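Report on the structure given below.
Since the model is a prediction, treat every value here as computed from it, not as a measurement.
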Amino acid sequence: MDRTGRLASLTRPARSSSLTRPPRLLAAVTAAVLAAGALVASAQTARAADAELARNGGFEAGLDGWSCTAGSGTMVASPVHGGTKALKATPAGSDNAQCSQTVQVKPDSTYTLSSWVQGSYVYLGASGTGTTDVSTWTQSAPSWQQLTTTFKTGANTTSVTIFTHGWYGTGAYYADDVSLLGPGGGPVQLPAAPTGLTAGSATSSSIALSWAAVPGATGYNVYQGDSKVLSTSGTSATVTGLTASTAYTFQVTATNTAGESAKSAAVTASTTSGGGGNPGGGLPTHALVGYLHASFANGSGYTRMADVPDSWDVIDLAFGEPTSVTSGDIRFTLCPVSECPGVESAADFKAAIKAKQAAGKKVLISIGGQNGQVQLSTTAARDTFVSSVSKIIDEYGLDGLDVDFEGHSLSLNTGDTDFRNPTTPVVVNLISALKTLKATYGSKFVLSMAPETFFVQLGYQYYGSGPWGGQDPRCGAYLPVIHALRDDLTLLHVQDYNSGSIMGLDNQYHSMGGADFHIAMTDMLLTGFPVAGDTSKVFPALRPDQVAIGLPASTNAGNGYTAPAEVTKALDCLTKKANCGSYQTHGSWPGLRGLMTWSVNWDRFNGGEFSKNFDAYPWS
């Protein structure tokens with residue numbers, strides 16, 4: 001949690017020798033081949049099997065067939081390479097102005113992708129190839145320059161996505177005469193109905209489902225009775241927002257560009273009677289979480305533990321901090337008297353914690369914050385982290401741990417591209433440490449996390465340094481930790497503040513300060529999303545009882561303050577599908593756990609506006 005605002009940013013791609021512009025030899029090679037009479041016939045025979053597969057590659061029909069992010073693409077009459085029109089696309093903020101189209105192809109076939117481009121840092125590539133996705137780029141093309149790359153499709157690949165994009169913070173780029181040459185794909189066949197539909201773990205409000213993959217399918221729809229309740233690109237999903245102790249019947253269909261298959265065989269499963277799937281239980285159905293400035297003072301003033309209002313169900317002590325960035329040795333001390341004249345004694349502090357717990361409250365130690373960078377880069381640091389955090393929990397009799405790693409605590413090494421199987425030591429060691437703590441203290445241990453949007457929802461677009469390098473390696477870096485701990489995680493409350501604009505599942509950018517931002521960011525967590533746009537790597541939805549919305553308590557507390565009326569709108573939309581505005585959620589989740597704020601101190605300073613609004617909210 002930032003004591004002051006801080007925004008992370010993406011960086012321009014490094015000038016790697018492996019990402020140099022392609023040599024301009026195409027014309028010379030073609031001339032040489034045609035000049036060799038013995039090769040003319042065979043060359044013509046080989047080309048006769050290929051076809052032009054890119055639709056509207058010259059952009060003469062505008063954007064027909066193309067989709068550009070954030071409305072970044074327009075048509076221009078100058079400059080053009082061929083015909084009368086070309087594409088102009090302008091990166092803005094965290095958008096790279098990608099324009100793409102999906103093309104039908106044949107399995108086990110070779111394709112050549114090319115385009116004429118103009119501008120700085122212009123990319124051309126193909127994804128979903130089923131083998132190795134490809135990309136080529138130019139650092140600078142003041143006049144028209146051709147980019148070319150080739151790829152081979154996988155054994156089951158029937159479509160690929162071709163794209164062009166620019167880079168963050170650079171000017172507009174131009175593209176024209178995009179071409180994809182290769183064997184044309186046959187008519188897409190309607191996929192078969194899925195088989196093997198199975199119900200997995202259930203809670204009082206959710207049921208997990210899985211099924212076998214269907215060849216040729218690009219997505220799946222899940223039906224609850226006759227109603228479609230969600231769509232996914234993977235072969236598993238969790239249906240949420242259900243009623244306790246109730247039987248439900250589900251079916252699944254497969255989809256592709258040809259349409260939707262018949263429904264699978266039905267499976268029936270029941271939700272639990274209540275309280276299931278709530279690691280670290282004991283929280284009320286709807287909880288208010290607040291950070292208490294316990295180790296430092298700022299403009300909000302010091303609040304004694306005994307004086308924390310009863311509205312707060314979870315109190316996170318801010319902060320436990322390391323003796324050094326890489327030591328793993330976490331220490332927590334009360335604010336010194338010189339800084340906080342009203343601070344209580346350690347004995348009174350511990351007694352007040354026990355009184356809060358007796359009243360049903362949970363008190364956690366929060367590790368990190370803006371100033372507490374923690375990098376568990378070695379197993380020794382991991383083990384020290386476990387022992388030092390355990391010592392704090394035991395000394396103060398706490399209920400659990402809140403992970404508030406910020407700044408450069410978590411980042412992904414180059415080549416670590418799958419959130420389901422992380423390889424970066426700081427990530428792997430943190431996962432191991434948290435699992436050890438959970439196993440040590442058992443089922444009542446409360447585990448929460450408070451990442452920034454940069455480390456979670458930004459993962460919808462970017463993950464780590466990316467397949468070609470150059471991105472900020474912190475993009476989405478919390479996702480492997482959340483995913484690995486999802487069965488042990490009590491609460492995830494992402495900080496919907498101190499954030500740049502983030503793309504939601506509607507592929508539009510959303511900005512802080514109003515209900516729309518919280519609706520879009522929370523919908524991503526409760527729906528799931530493909531990481532870095534890769535539909536083979538979908539971050540599964542979390543249960544609504546695991547999710548709270550993080551907001552600043554006042555204008556003083558952080559950028560992104562949201563007025564109470566807008567907070568109410570966000571809760572209405574997410575729990576009742578009412579007052580949603582322009583963003584349409586993928587469901588409604590009456591079991592949403594609640595709200596988190598930075599901080600208890602700032603809320604008291606602001607007359608309790610945040611907590612009073614929560615207390616007054618009609619959840620049903």
- Item | Shortest non-hydrogen separation from Leu574 to Asp523 and the atoms involved | CD2-N, 4.3 Å
- Query: To the nearest 0.5 Å, how far apart are NE2 in His586 and CZ in Phe529?
  - Reply: 12.5 Å
- Spell out, as yes or no, whether a donor-acceptor pair under 3.5 Å connects the side chain of Asn256 to the backbone of Gln189. yes
- Under the 3.5 angstrom rule, does the side chain of Gln471 hit a backbone N or O of Gly464 as a donor-acceptor pair? yes
- Kindly say whether Val426 contributes a backbone atom to a donor-acceptor pair with the side chain of Gln375 at under 3.5 angstrom? no
- Message: If you compare all heavy atoms of Pro79 against all heavy atoms of Tyr174, which two are closest, and at what distance to 0.1 Å?
- Response: CD-CE2, 3.7 Å
- Item | Within 6.0 Å of NZ in Lys537, more than 12 heavy atoms from elsewhere | yes
- Where is the tightest heavy-atom contact between Ala254 and Ala217, given as atom of each residue plus distance? CB-CB, 3.9 Å
- Message: Please check this pair: side chain of Gln495 against backbone of Ala450, looking for a donor-acceptor N/O pair closer than 3.5 Å.
- Response: yes
- Item | Main-chain N/O of Met449 paired with His493 side-chain donor or acceptor, under 3.5 Å | yes
- Return the minimal non-hydrogen interatomic distance between Tyr463 and Phe419, and the atom names on each side. OH-CA, 3.3 Å
- Message: Quick check: do Asp176 and Leu87 have side-chain heavy atoms less than 4.5 Å from each other?
- Response: no
- Task: Take atom NZ of Lys106 as the centre, draw a 6.0 Å sphere, and report whether it contains more than 12 heavy atoms from other residues, nucleotides or ligands.
- Result: no
- Message: Tell me which one of Gln457, Arg420, Arg486 satisfies side-chain contact (heavy atoms from CB on, under 4.5 Å) with Phe539.
- Response: Arg486
- Message: I'd like to check Val214 versus Ser261 (side-chain heavy atoms, cut-off strictly below 4.5 Å). Are they in contact?
- Response: no
- Query: Does the Gln101 side chain pair with the main chain of Arg55, one donor and one acceptor, at a distance under 3.5 Å?
  - Reply: yes
- Message: Keeping Asp133 on the side-chain end and Gly128 on the backbone end, is there a donor-acceptor pair under 3.5 Å?
- Response: yes
- Item | Verdict with supporting geometry, Thr157 and Phe151, side chain to side chain contact (heavy atoms under 4.5 Å, CB included) | CA-CA 12 Å; Thr157 303; Phe151 61 88; over 6 Å; no
- Stepwise side chain to side chain contact (heavy atoms under 4.5 Å, CB included) check, Val103 with Tyr111: CA-CA 11 Å; Val103 182; Tyr111 293 84; over 6 Å; no
- Query: Passes side chain to side chain contact (heavy atoms under 4.5 Å, CB included), Thr255 versus Glu260? Steps please.
  - Reply: CA-CA 4 Å; Thr255 62; Glu260 184 176 19; 3.9 Å; yes
- Query: How are the rings of Phe455 and Tyr478 set relative to one another: parallel (under 30°), tilted (30 to 60°) or perpendicular (over 60°)?
  - Reply: perpendicular
- Side-chain heavy atoms of His518 within contact of Val567, under 4.5 Å: no
- Are Trp167 and Tyr173 near enough that their ring centres are under 6.0 Å apart? no
- Task: With the side chain counted from C-beta on, respond yes when Thr150 and Val134 share a heavy-atom pair under 4.5 Å apart, and no when they do not.
- Result: no
- Message: Can a side-chain donor-acceptor contact be found between Ser179 and Glu52 if the only test is distance below 3.5 angstrom?
- Response: yes
- Heavy-atom side-chain contact between Ile431 and Leu485 under 4.5 Å: yes
- To the nearest 0.5 Å, atom OG1 of Thr423 lies from atom CG of Leu412 at 8.0 Å
- Report the C-alpha distance between Ser499 and Glu452 in whole Å, list the side-chain angles of each, state the deciding distance to 0.1 Å, and finish with yes or no for side-chain hydrogen bond (donor to acceptor under 3.5 Å, both in side chains). CA-CA 7 Å; Ser499 170; Glu452 296 161 294; over 6 Å; no
- Item | Residues Leu492, Gln546; criterion side chain to side chain contact (heavy atoms under 4.5 Å, CB included); working and verdict | CA-CA 6 Å; Leu492 176 72; Gln546 290 179 296; 5.7 Å; no
- Backbone N or O of Ser114 within a donor-acceptor pair of the Thr148 side chain at under 3.5 Å? no
- Answer yes if the side chains of Ser511 and Ser501 hold a donor-acceptor pair under 3.5 Å, and no otherwise. yes
- Message: Just so I know, are the side chains of Asp516 and Ser582 near enough to count as touching, which here means a heavy-atom distance under 4.5 Å?
- Response: yes
- Message: Could you measure the distance from the CD atom of Gln584 to the CD1 atom of Ile519? Nearest 0.5 Å is fine.
- Response: 9.5 Å
- Atom of Asp534, atom of Ser536 and distance for their closest heavy-atom approach: OD1-OG, 2.6 Å
- Would you find more than 12 non-hydrogen atoms of other residues, nucleotides or ligands less than 6.0 Å from Asp226 atom CG? no
- Heavy-atom donor-acceptor pair, Ser264 side chain to Val252 backbone, under 3.5 Å: yes
- Note on the structure: dist Trp66:CH2 -> Met75:CE (nearest 0.5 Å) comes out at 9.5 Å
- Message: I need the Asn421 CG to His483 NE2 distance, nearest 0.5 Å.
- Response: 8.0 Å
- Message: Are the side chains of Leu571 and Ile549 in contact, using a 4.5 Å heavy-atom criterion?
- Response: yes
- Query: Should the heavy atoms of other residues, nucleotides or ligands under 6.0 Å from CG of Asp418 be counted, would the total exceed 12?
  - Reply: yes
- Query: Is there a side-chain contact between Asn221 and Ser231, using heavy atoms and a 4.5 Å cut-off?
  - Reply: yes
- Task: For Trp144 and Val80, indicate whether the former's side chain and the latter's backbone hold a donor-acceptor pair under 3.5 Å.
- Result: yes
- Task: Classify the side-chain pair Thr585/Lys577 by whether it contains a donor and acceptor separated by less than 3.5 Å.
- Result: yes
- Message: Ignoring hydrogens, what is the shortest heavy-atom contact between Gly476 and Pro480? Give both atom names and the distance.
- Response: O-CD, 3.7 Å
- CZ (Phe59) and NZ (Lys85) are apart, to the nearest 0.5 Å, by 12.0 Å
